[in-house]
Amino acid sequence: MRWDGDRATTVHAAAGRYVSSIFDLVHNTGSRTAFVTSTPELSMVRTSWDATNGGSDPYGVDNGRDKFTQFLTLADDDAVADRVVSMLGTTRRR
């Protein structure tokens, strides 16, 4: 695989095939997912597994192609850490 961040629109386009992620597995089995970053360039991650570009759900109930329950791009790493701590502290996670 050759990475060309200036031209690739999704991880799949860069790889030349669909690339499964941990978000596929977690979402497709009915659990919630979150991606929290302070790096705007990681928007390709969101695009790669959104309702248009995410893979089909082959397990049980169809949970859709969008693999992210939440995708947040925050101002800086301190904001990311605060948000993740807050998210983990409010609800029991699996």
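As the structure is a prediction and not an experimental result, all values here were calculated from the model.
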Would you give the length of the straight line joining atom NZ of K67 to atom CG of L25, rounded to the nearest 0.5 angstrom?
-> 10.0 Å
Rounded to the nearest 0.5 Å, the OG atom of S56 sits from the CG atom of D62 at a distance of 7.5 Å
Give a yes or no on whether Y59 and F68 share a hydrophobic cluster (residues Ile, Leu, Val, Met, Phe, Trp, Tyr; joining criterion: side-chain heavy atoms under 4.5 Å apart).
-> no
Nearest heavy-atom pair of D76 and S38: which atoms, and what distance?
-> C-CB, 3.5 Å
May I ask you to test the R46-D50 pair for a side-chain heavy-atom distance under 4.5 Å?
-> yes
Parallel, tilted or perpendicular: rings of H12 and W49 (30°, 60°) = perpendicular
For the atom pair CG (D66) and CZ (F23), what is the distance rounded to the nearest 0.5 Å?
-> 11.5 Å
Look only at the side chain of N53 and the backbone of T47, and say whether a donor-acceptor pair between them is shorter than 3.5 Å.
-> yes
State whether the side chain of D57 and the backbone N or O of N63 hold a donor-acceptor pair below 3.5 Å, judged by distance alone.
-> yes
D82 CG to D77 CG distance, which is reported to the nearest 0.5 Å = 11.0 Å
Return the minimal non-hydrogen interatomic distance between D24 and S21, and the atom names on each side.
-> OD2-N, 2.7 Å
Measuring from M44:CE to T10:OG1, what's the distance to the nearest 0.5 Å?
-> 7.0 Å
Under a 4.5 Å cut-off applied to non-hydrogen side-chain atoms, are L42 and T73 in contact?
-> no
Polar side-chain atom of T33 near backbone of T69 as donor-acceptor pair, under 3.5 Å | yes
Should the heavy atoms of other residues, nucleotides or ligands under 6.0 Å from OH of Y18 be counted, would the total exceed 12?
-> yes
One should read off an interatomic distance between I22 CD1 and H27 NE2, to the nearest 0.5 angstrom, of 13.5 Å
More than 12 heavy atoms of other residues, nucleotides or ligands under 6.0 Å from CZ of R83: is that the case?
-> no
